[in-house]
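Accompanying notes for the structure given below.
Quick caveat: nothing in here was measured; it's all calculated off a predicted structure. The chain is numbered in sequence order, starting from 1.
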Amino acid sequence: MNNFAGKKALLVGASGGMGSAVASMLAENGVSCALVGRNKQKLEDIFSVCSSSGNPCFTFSCDISDSSEIKKCCQEAINNLGGINYLIHCAGNYNKASAAECDLEVWDDILDANLRSTYHFARHLLPQINKAPGGAVIRISSRDALHTGIGIQTAQKRAIDGYMEVLFEDVREQ
């Protein structure tokens, strides 16, 4: 594994299964972590694991569907860690309902939490990430598959995939 010692990461969804596994691995390899999640108890649990590595670690409870909370979270993480090298986003909401049953408010909530939050975190952290070579924005998501009742899931996943492709082109030179 590469030497990550001294690097700094903000992990969105750190209190979930995938996020906590990634946070633990990064902390074990010398990365200081800003852990973002909804569940304060689960955040404290992963904080205990990550901070036991001896690297600085901070927790942030943030409603990722609220752009103003995202902005505040990003600034606090940058201030606490002294910068950011990696944004790892693996949080999201899920809803299964057919097109005739799904409420548009639910669709909007999912788009805010899953798609728009990806954009807002990247927007606020890219200036920091681009200050040093070797930074990264990573969006972890489940695979989409066409099944009945997952229209919004499929739509937001394909939108995230498209956004991440364009984001790569935007920052290719950094």
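Contact detail for Ile129 and Ala136: the closest heavy-atom pair is CG2-N, 3.8 Å. Nearest approach of Ala23 to Leu35, heavy atoms of both residues: CB-CD2, 3.7 Å. Cys74 and Phe121 get closest at one heavy-atom pair: SG-CD2, 3.5 Å. Across every non-hydrogen atom of Cys62 and Val36, the tightest pair is CB-CG1, 3.8 Å.
Distance alone, capped at 3.5 Å, places no donor-acceptor pair between the Ser32 side chain and the Asn55 backbone. With hydrogens and angles disregarded, a donor-acceptor distance shorter than 3.5 Å links the side chain of Glu69 to the backbone of Asp63. Between the Asn29 side chain and the Phe4 main chain, no donor and acceptor come within less than 3.5 Å of each other. Lys8 contributes a side-chain N or O that, together with a main-chain N or O of Leu81, makes up a donor-acceptor pair within less than 3.5 Å. For the pair Ser24 (side chain) and Ala21 (backbone), a donor-acceptor distance under 3.5 Å is absent.
Looking only at side-chain heavy atoms (C-beta outward), Ile138 and His89 stay at 4.5 Å or farther from each other. Inter-residue side-chain proximity for Arg139 and Asn114 is flagged as met; some heavy-atom pair is nearer than 4.5 Å. The shortest distance between side-chain heavy atoms of Val171 and Val137 does not fall below 4.5 Å. Side-chain contact check for Ser67 versus His120: some heavy-atom pair is nearer than 4.5 Å. You'll find the side chain of Leu115 stays beyond 4.5 Å of the side chain of Ile110, heavy atoms only.
Summarising the geometry, atom CD1 belonging to Ile78 is positioned 9.5 Å from atom SG belonging to Cys73; distances are rounded to the nearest 0.5 Å. How far CG of Asn39 is from CD1 of Ile46: 12.5 Å, rounded to the nearest 0.5 Å. Once rounded to the nearest 0.5 Å, the distance linking CG of Leu167 with CG of Leu87 reads 9.0 Å. From Asn85, atom CG reaches atom CG of Asn130 across 11.0 Å, with rounding to the nearest 0.5 Å. Here Tyr119 contributes atom OH and His124 contributes atom NE2; the two are 7.5 Å apart, rounded to the nearest 0.5 Å. In this structure, CZ in Arg38 is found 9.5 Å from OG in Ser65, a value given to the nearest 0.5 Å.
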Given the rule in the side chain to side chain contact (heavy atoms under 4.5 Å, CB included) test, do Lys40 and Ser61 qualify, once you have shown the distances and angles that lead to the verdict? CA-CA 7 Å; Lys40 291 182 181 181; Ser61 182; 3.7 Å; yes

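Listed by chain and residue number, Gln41 satisfy the side chain to side chain contact (heavy atoms under 4.5 Å, CB included) test with Asp45 (two or more places apart in sequence, or in another chain). Listed by chain and residue number, Asp112 satisfy the salt bridge (charged side-chain N to carboxylate O under 4.0 Å, His left out) test with Arg116 (two or more places apart in sequence, or in another chain).
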Give every donor-acceptor pair under 3.5 Å between a side-chain atom in residues 9-19 and any protein atom, sequence neighbours left out.
none

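Relative orientation of the Phe58 and Phe60 rings is tilted, given thresholds of 30° and 60° on the angle between their planes.
Atom CD of Glu169 has more than 12 neighbouring heavy atoms from other residues, nucleotides or ligands inside a 6.0 Å radius.
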